[in-house]
Amino acid sequence: MADLKNVNSRVSRGAEQVKAGLQDTREAAGNAAQQAAPGLETLARVGYASKGVVYFTVGFLALSVALGRGGRTTDTRGALLKLQDLPGGSALLAVVAVGLVGYALWQLIRAVLDPERQGTAAKGIAKRLGYLLSGGVNLTLAVFTARLAASGSAPQGGDSQAQAAGTVLNLPGGQLLLGLVGLGLLALAGSQLFTAYGAKFMKRMNFAGVNGRVKDLLVKTGQLGIGSRGVLMLIIGGFALLAAWNRKASETVGISQALTWLNSQPSGNLLLGLVAVGTLCYGVWCVVQARYRRIRIQDAA
């Protein structure tokens, strides 16, 4: 009995030490973030602008297809390849890469240090996990951009969506995991559509001093942009569920394939055109956030 009490006491002390260590680490990270806040805020704003350039390019190319002007739909990596072809493309991509790193860092700060006080309830944890995933995705995209800017050619790789889905399906319980990914994407789509409909994003914006009509136009731009992004996530999530059900990684789609799928539907040019305009608006909205979004890195603790 005494031995059991000793074991319990040691476990309790160990748990308290781990908790204290995690708290110390979080406080140290928070202090570092506060000291670097001005620079990180600038990086985050450049990141929003860089993201805007990428999505504006995706929307522009999709709109060209919808209008019958040739070309093809593409995703964020394809948009970066198009930017590389512009005069001074490598220099532009270098700036975009730095911006995407800044945006990724901001998302990681939102996830780990929680400067926006999302909290530790289920809803807050879900949002913070989303920020963490966004940080990882944008960091990967930043690495791709930097390599493209340095080499002038795209790094070799296949269908990233199918490869990732195939990796998941090969894991124990992979079919269930891929299904959960699909459900998560559908939940994200629903959240974005809800946010767009009610302009819920306004609580993160500071439009003080902006003319009323200009403000209204910016709000509508945000609604169209975020709503279109929600539609794309809805399609991508639906195909992920289908791929999980059929155990076929090849049935997953990304942004480019989702846009192509829209174009293949009845009245496809109209559907693609609407989502393309919305994606253009999303790119513009990202640039608007670069200027007017509240970024509270200094509140990290």
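Numbers here are sequence positions counted from 1.
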**Q** Evaluate the criterion side-chain contact (heavy atoms from CB on, under 4.5 Å) for residue pair Val288 and Thr221; output intermediate values, then yes/no.
**A** CA-CA 9 Å; Val288 171; Thr221 299; 5.7 Å; no
**Q** side-chain contact (heavy atoms from CB on, under 4.5 Å), that's the test. Do Phe239 and Leu234 meet it? Break it down for me.
**A** CA-CA 9 Å; Phe239 273 98; Leu234 192 65; over 6 Å; no
**Q** Does a donor on one side chain sit under 3.5 Å from an acceptor on the other, for Asn246 and Glu251?
**A**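 On atom types as modelled, these side chains qualify, holding a pair under 3.5 Å.
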**Q** If you define the side chain from C-beta out and look only at heavy atoms, does anything of Thr279 sit under 4.5 Å from Arg229?
**A**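 A side-chain contact under 4.5 Å is absent here.
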**Q** Measuring from Leu67:CG to Asn269:CG, what's the distance to the nearest 0.5 Å?
**A**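 Taking CG in Leu67 and CG in Asn269, the distance rounds to 8.0 Å.
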**Q** Is there a path of hydrophobic side-chain contacts, each under 4.5 Å between heavy atoms of I/L/V/M/F/W/Y residues, joining Tyr55 to Leu80?
**A**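 As far as the 4.5 Å side-chain criterion goes, Tyr55 and Leu80 are not connected within one cluster.
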**Q** Could you check if a side-chain atom of Ser134 sits within less than 4.5 angstrom of a side-chain atom of Asn138, using non-hydrogen atoms only?
**A**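 Yes, close enough: below the 4.5 Å cut-off.
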**Q** Atom CG of Asn170 and atom CG of Leu177: how far apart are they, to the nearest 0.5 Å?
**A**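 The CG atom of Leu177 is 11.5 Å from CG of Asn170, to the nearest 0.5 Å.
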**Q** Check whether any side-chain N or O of Arg45 sits under 3.5 Å from a backbone N or O of Arg293 as a donor-acceptor pair, and report yes or no.
**A**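 Here the side-chain-to-backbone pair exists.
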**Q** Below 4.5 Å, heavy atoms only, C-beta onward: do Arg128 and Gln118 meet side chain to side chain?
**A**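 With C-beta onward as the side chain, the pair touches.
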**Q** Would you say the side chain of Trp106 lies within less than 4.5 Å of the side chain of Ile295, judging by non-hydrogen atoms?
**A**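 SC-SC contact between Ile295 and Trp106 confirmed.
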**Q** Looking at every non-hydrogen atom in both residues, tell me the closest pair between Ile255 and Thr74 and how far apart they are.
**A**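 Minimum heavy-atom contact is CG2-O, 4.0 Å.
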**Q** Return yes if a side-chain donor-acceptor contact under 3.5 Å exists between Lys51 and Tyr282, otherwise no.
**A**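 Yes, a side-chain donor-acceptor pair sits under 3.5 Å.
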**Q** Under 6.0 Å from the CZ atom of Phe207, do we count more than 12 heavy atoms belonging to anything else shown?
**A**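 Atom CZ in Phe207 is crowded, with more than 12 foreign heavy atoms closer than 6.0 Å.
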**Q** How far apart are the C-alpha atoms of Leu100 and Thr145, what are their side-chain angles, what is the distance that settles it, and do they pass the side-chain contact (heavy atoms from CB on, under 4.5 Å) test?
**A** CA-CA 9 Å; Leu100 290 173; Thr145 308; 3.7 Å; yes
**Q** Could you tell me if the side chain of Leu43 sits less than 4.5 Å from the side chain of Val101, heavy atoms only?
**A**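 Side-chain contact under 4.5 Å: no.
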**Q** Hey, does the Lys NZ or Arg CZ of Arg77 hover above the aromatic six-ring of Phe144, less than 6.0 Å from the centre and inside 45° of the axis?
**A**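 Ring-cation test returns yes.
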**Q** For the aromatic rings, using the six-membered ring if either is Trp, is the centroid distance between Phe201 and Trp285 under 6.0 Å?
**A**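 Between Phe201 and Trp285, the centre distance is under 6.0 Å.
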**Q** Compare all side-chain heavy atoms of Asn263 with those of Leu271 and state whether any distance is below 4.5 angstrom.
**A**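 Not touching, per the 4.5 Å side-chain cut-off.
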